[in-house]
> 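Can you keep this structure in mind? I'll have questions shortly.
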There are 2 protein chains.
Amino acid sequence: MDVSVKGEYALRAVFELSRHGRPEPVKIAKIAERQKIPQKFLEMILAQLKQGGYLGSRRGVDGGYFLARPPDQITVGDILRQIDGPFQPAKRPFADEPTDSPFPEMWDRVERALSCVIDRTTFADLVERWRQRRVKGIPNWQI
Amino acid sequence: MDVSVKGEYALRAVFELSRHGRPEPVKIAKIAERQKIPQKFLEMILAQLKQGGYLGSRRGVDGGYFLARPPDQITVGDILRQIDGPFQPAKRPFADEPTDSPFPEMWDRVERALSCVIDRTTFADLVERWRQRRVKGIPNWQI
DNA sequence: CCGAATCCCTAGTAAAATAGTAGGGATTCG
DNA sequence: CGAATCCCTACTATTTTACTAGGGATTCGG
């Protein structure tokens with residue numbers, strides 16, 4: 001019931017690109033350095049995100065990766081599913097095969113609950129909240 | 001983001017015991033047969049659930065496993081955590097180490113959303129819903 | 001057209017987790 | 001005592017995870 005580090009890396013990478021703003025591409029090396037991700041591993045992750053249609057890229061001297069759509073149109077769920085695959089918490093029986101088990105209905109509820117968070121959180125949201133916290137000076141002491 | 005089959009087996013086993021009602025113990029072999037679980041594997045799972053305090057057991061000719069508390073006081077979350085470990089979706093930074101990341105807060109939300117389902121669903125609930133569906137004749141056609 | 005910088009692609013791999021199996025020992029009870 | 005059951009330790013095959021290696025294909029300034 002946890003996310004792979006590959007998934008975490010993917011989220012951090014997309015966050016980095018979202019934070020950066022649109023126009024120019026960001027180099028893999030730069031993302032790897034800022035987010036502390038092994039570079040070669042990151043290469044594979046970014047390729048996977050590109051082929052899912054979330055990123056674009058350009059080669060050559062001023063190359064790099066960039067978001068393929070604005071950050072308010074990419075959700076955490078999109079990225080997680082692209083990297084870690086769809087997450088049904090448990091094997092689903094075929095829909096027309098009546099099952100004598102109380103669990104499928106519960107897994108549905110789990111899935112919906114999860115979806116309410118990850119499919120409604122966009123990277124624009126993440127950036128905005130992160131900026132808010134920055135200006136408030138990160139108040140992490142108590143009273 | 002999925003549950004291990006070990007976890008599923010554990011849920012099915014506890015469901016079987018809950019369904020059965022309290023007094024006499026149920027044999028491993030019986031549970032294994034009714035829920036289609038490899039017997040030797042199930043032995044390990046039940047031992048783990050016992051040492052977590054959820055089940056009791058008795059050896060000998062009329063031995064078997066039984067619930068250590070009534071089914072309305074055991075939740076799906078209890079069992080899942082006992083078998084698969086605590087599920088933080090992602091590594092948590094230490095609480096007092098201010099992190100410059102927007103994700104921990106989101107993982108908190110994920111965890112709470114999940115908890116709302118699995119920590120509020122007891123095995124008494126599962127049995128009851130399952131019985132309800134039984135009497136209604138499993139209406140799984142549309143209109 | 002050269003060559004430097006960058007992304008792109010295939011393959012390999014060590015370590016850990018998963019999903020079991022095997023074999024016998026300890027209890028209980030009639 | 002002896003049959004039925006749970007109990008305990010160890011082993012193992014397969015898959016997944018988290019990488020690393022090495023070079024090929026593009027782009028672009030000069």
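Protein chains get the first letters and strands the later ones, always in sequence-line order, with residue 1 at the start of each.
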> Considering just the side-chain nitrogens and oxygens of B:S57, establish if one lies under 4.0 Å of OP1 or OP2 belonging to D:dT5.
no
> Between D:dC28, D:dC7, D:dC19, which nucleotide has the shortest distance from any of its atoms to the side chain of A:R58?
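Side chain of A:R58 sits closest to D:dC28.
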> Can you tell me how far P of D:dT15 sits from CG of B:D2, to the nearest Å?
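Taking atom P of D:dT15 as the reference, CG of B:D2 is at 16 Å.
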> Please give, in whole Å, the distance from C:dC9 C1' to A:I45 CD1?
16 Å
> To the nearest 0.5 angstrom, please state how far the NZ atom of B:K50 sits from the CG atom of B:L55.
9.5 Å
> Is the shortest heavy-atom distance from the side chain of A:R131 to the side chain of A:R19 under 4.5 Å?
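In short, these two side chains touch, coming nearer than 4.5 Å.
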> Whole angstroms only, please: what is the CD1-C1' distance between B:I83 and C:dA17?
15 Å
> Does any donor-acceptor pair link the side chain of B:E43 with the base of D:dC6 at a separation under 3.5 Å?
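Donor-acceptor pair under 3.5 Å: no.
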> Just checking A:Y9 against A:F41, ring centres under 6.0 Å apart?
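Yes.
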> Starting at CD of A:Q48 and ending at P of C:dC7, how long is that distance when rounded to a whole Å?
17 Å
> Return the value, rounded to whole Å, for the distance between atom CZ of B:F41 and atom C1' of D:dC6.
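Rounding to the nearest Å, CZ of B:F41 and C1' of D:dC6 are 18 Å apart.
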> Is C:dT28 paired to anything, Watson-Crick or G-U wobble with both distances less than 3.5 Å, and if yes, which nucleotide?
D:dA3
> Would A:D84 and A:S4 count as having a side-chain donor-acceptor pair, cut-off 3.5 Å?
yes
> So what does B:K30 touch, heavy atoms closer than 4.0 Å: a base, only the sugar-phosphate, or nothing?
nothing
> Between C:dC9, D:dC19, C:dT27, which nucleotide gets closest to the side-chain atoms of B:R59?
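Looking only at side-chain atoms, B:R59 lies closest to C:dT27.
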> Give one of base, sugar-phosphate or nothing for A:K27, where a contact means two heavy atoms less than 4.0 Å apart.
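Sugar-phosphate only.
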> Tell me the closest heavy-atom pair linking B:T122 and B:P71, and the distance in Å.
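Result for this residue pair: CB-O, 3.6 Å.
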> Check whether any side-chain N or O of B:K50 sits under 4.0 Å from OP1 or OP2 of D:dC7, and answer yes or no.
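Checking B:K50 against D:dC7: at least one side-chain N or O falls below 4.0 Å of OP1 or OP2.
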> Atom CD of B:Q39 and atom C1' of C:dG20: how far apart are they, to the nearest Å?
14 Å
> On DNA chain C, does the nearest nucleotide to A:D62 precede the nearest nucleotide to A:M44 from the 5' side, or the other way round? Give the residue.
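Upstream on the strand: A:D62.
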> Closest nucleotide of DNA chain D for A:Y9 versus for A:G60: which of these residues is on the 5' side?
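Closer to the 5' end of DNA chain D: A:Y9.
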> So A:K6, base contact, sugar-phosphate only, or nothing? Heavy-atom distance under 4.0 Å.
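A:K6: backbone/sugar contact only, no base atoms under 4.0 Å.
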> Out of C:dA19, C:dG23, D:dA4, which nucleotide sits closest to the side chain of B:V61?
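Of all the options, the side chain of B:V61 is nearest to D:dA4.
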> Can you measure B:R12 atom CZ to C:dA19 atom C1' for me and round it to whole angstrom units?
14 Å
> Rounded to the nearest angstrom, tell me the gap between atom CG in A:L55 and atom P in C:dC7.
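Nearest whole value for this atom pair: 12 Å.
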> Of all the nucleotides listed (C:dA19, C:dT21, D:dC19), which has the minimum atom distance to the side chain of B:K40?
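So the nucleotide nearest the side chain must be C:dT21.
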> Would you indicate which nucleotide in C:dC7, C:dA19, D:dA21 comes nearest to any side-chain atom of A:I28?
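Of the candidates, C:dC7 comes closest.
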> When you check the side-chain N and O atoms of A:T121 and A:D125, is any donor under 3.5 Å from an acceptor?
no
> Hey, does the side chain of B:Y65 come within less than 4.0 Å of D:dT5's phosphate (OP1/OP2), counting only N and O?
no
